[in-house]
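Only one structure is covered here, and it is reproduced in the block below.
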Number of protein chains: 2
Amino acid sequence: MSQGKEKILQTALQEFAEKGYDGARIDYISKMAGVNKALIYYHFKSKEELFTAVINDLFEKAVSVSIEPTGTSVRENLIQVMEHFIDFLHYNPYFVKIMDQSVAQDRDIFHQLHHQNFFFETVIGMYQLGVQTGECRKVDHPEDFIVSLLGAVYFYFSHHKAIRKFYGNISEEEVISIRKKTMKDMISRLTFL
Amino acid sequence: MSQGKEKILQTALQEFAEKGYDGARIDYISKMAGVNKALIYYHFKSKEELFTAVINDLFEKAVSVSIEPTGTSVRENLIQVMEHFIDFLHYNPYFVKIMDQSVAQDRDIFHQLHHQNFFFETVIGMYQLGVQTGECRKVDHPEDFIVSLLGAVYFYFSHHKAIRKFYGNISEEEVISIRKKTMKDMISRLTFL
DNA sequence: AAAATTAGACTAAATGGTTAGTTTAATTTT
DNA sequence: AAAATTAAACTAACCATTTAGTCTAATTTT
């Protein structure tokens, strides 16, 4: 990939994440990327196509953060997945922002949905396995249980600006560590028989 | 309030919720509201002011859903608050959408933040009271615990479109009832000593 | 090896549609 | 009478997209 194209994608990710599709400006992207506006249209045939390219690029990287837990029990695996999820959201703020923008505006990002579904289904399946083996407490609606847990993780990141103040003046790393501990604790308590 | 103004606010809420600030079109609002565009500028001096008015209007209604729990224990009160929160989000989909749009785009809605903070602080305080009276389990970071619970509630609504499929072909009322049960269960298990 | 050609990366400037916001004068509602 | 509302034309700015061309390094032809 040419240097210009790479820079464009990188800058466009930022712009789309911060301003949303409608708020994003091609002019601004070209200026920030230090390339001519026409170069964007040389590489991508429209704003929409640029957006799609940005998303695909982003999810390609996201997929590489695989969910192959290595624990010796379902409970441990669930905890591991949540911790990975927390780390991923922590290190990829643009991911969260793009997701928020897309969700808010019903933009269907086929790729996103595909991977998203896979992720949800995997985690739900993981828990159901634990119930089958008798390791985890049986719940009436595993899907609702997992949605709740994932929501508990996600919310902090998506509403970061509004929520952060409640944690006081500590470093972000400390908050992340607290978040992990809380989630671990919750999962333990909620899955034991 | 004049009938036209009311209709404008109502229609603008929909438009802003669905399209976001940048995506929303004044022409479209006037057309949908069945009023002349000039009337919008007669009542509001700019798009920005219209948006602010919409938000204020929305939060005024939101506040009226007070959080004055009537249970006989902190645990019961927490459960009640969460159930009210679930109902509120269920019956006010535009609220969720506007919040999502605003969060995604760092639009500072002073009023929103004010009420939001109050809500968070109230619930956190509620739990801390339970710890003090020895009724609830002591946790290292009550704020993180409450954020997790609120996130668990909120997520379903904000990501409704992506998540709903995992619940199968049941009515929305049934899902809401399942959600309430799951949250009640979670709160019970997590707060007991 | 020199000359001709190509292909890809890139640019400056124009085009044209869209959209927030205005204006004015008239009409209707309270 | 005052407040609310309409109609329709207008403008100024913004912004996605196009056009027509340059530059450069590699490849092919002579």
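Chain letters run A, B, ... following the sequence lines, proteins first and then strands; every chain starts at 1. For the numbers below, each heavy atom of this structure counts, side chains included, while hydrogens, waters and symmetry mates do not.
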| field | Interatomic distance where CD belongs to B/Glu48 and P belongs to C/dA20 [whole Å] | value | 13 Å
| request: Look at the rings of B/Tyr167 and B/Tyr156 and say which category their plane angle falls in: under 30° parallel, 30 to 60° tilted, over 60° perpendicular. | output: perpendicular
| What residues form a ring pair (Phe, Tyr, Trp, His ring centres under 6.0 Å) with A/Tyr127, not counting sequence neighbours? | A/Phe145
| query | Closest to the B/Tyr42 side chain: C/dA9, D/dA4, D/dT17? | reply | D/dA4
| For D/dA3, does OP1 or OP2 lie under 4.0 Å from any side-chain N or O of B/Ser2? | no
| Phosphate-side-chain proximity, A/Tyr41 and D/dT18, N/O vs OP1/OP2 below 4.0 Å | no
| query | Among residues 4-31 of chain A, which contact DNA chain C at a heavy-atom distance under 4.0 Å? | reply | A/Gly4
Please enumerate all protein N or O atoms sitting under 3.5 Å from an N or O of nucleotides 12-15 of chain C, with distances to 0.1 Å.
unit_1	atom_1	unit_2	atom_2	d
C/dA12	OP2	A/Asn36	ND2	3.2
C/dA12	N7	A/Asn36	OD1	3.3
C/dA12	N7	A/Asn36	ND2	3.4

| Where at least one partner belongs to residues 120-138 of chain B, residue pairs that pass salt bridge (Lys or Arg N to Asp or Glu O under 4.0 Å), sequence neighbours excluded | A/Asp185-B/Arg137
| query | Considering only side-chain heavy atoms of B/Leu39, which listed nucleotide, C/dT11, D/dT5, C/dA20, is closest? | reply | D/dT5
| Can you find a side-chain donor-acceptor pair between A/Glu76 and A/Thr72 that sits under 3.5 Å? | yes
| query | Which heavy atom in A/Asp22 sits nearest to a heavy atom in A/Lys47, and how many Å separate them? | reply | O-NZ, 3.9 Å
| said: Just checking B/Tyr154 against A/His159, ring centres under 6.0 Å apart? | reply: yes
| request: Give a yes or no on whether A/Tyr21 atom OH has more than 12 heavy-atom contacts from other residues, nucleotides or ligands under 6.0 Å away. | output: yes
| said: How long is the straight-line distance from CG of B/Asp144 back to OG of A/Ser177, given to the nearest 0.5 Å? | reply: 9.5 Å
| request: Would you kindly give the CD-to-P distance between A/Gln3 and D/dT24, to the nearest whole Å? | output: 15 Å
| request: Check ring pair (Phe, Tyr, Trp, His ring centres under 6.0 Å) between A/Phe166 and all other residues, then give those that pass, not counting sequence neighbours. | output: B/Phe120
| request: Both distances under 3.5 Å, Watson-Crick or G-U wobble: on that basis, could you give the dot-bracket string for DNA chain D, with [ ] for crossing pairs and | for other-strand partners? | output: ||||||||||||||||||||||||||||||
| said: For a quick test of reading the model: is some side-chain N or O of B/His43 closer than 4.0 Å to OP1 or OP2 of D/dA3? | reply: no
| said: For B/Lys184, I'd like to know if atom NZ has over 12 heavy atoms of other residues, nucleotides or ligands within 6.0 Å. | reply: no
| message | Please check this pair: side chain of A/Gln105 against backbone of B/Gly20, looking for a donor-acceptor N/O pair closer than 3.5 Å. | response | no
| Separation of D/dA4 C1' from B/Phe44 CZ (nearest whole Å) | 13 Å
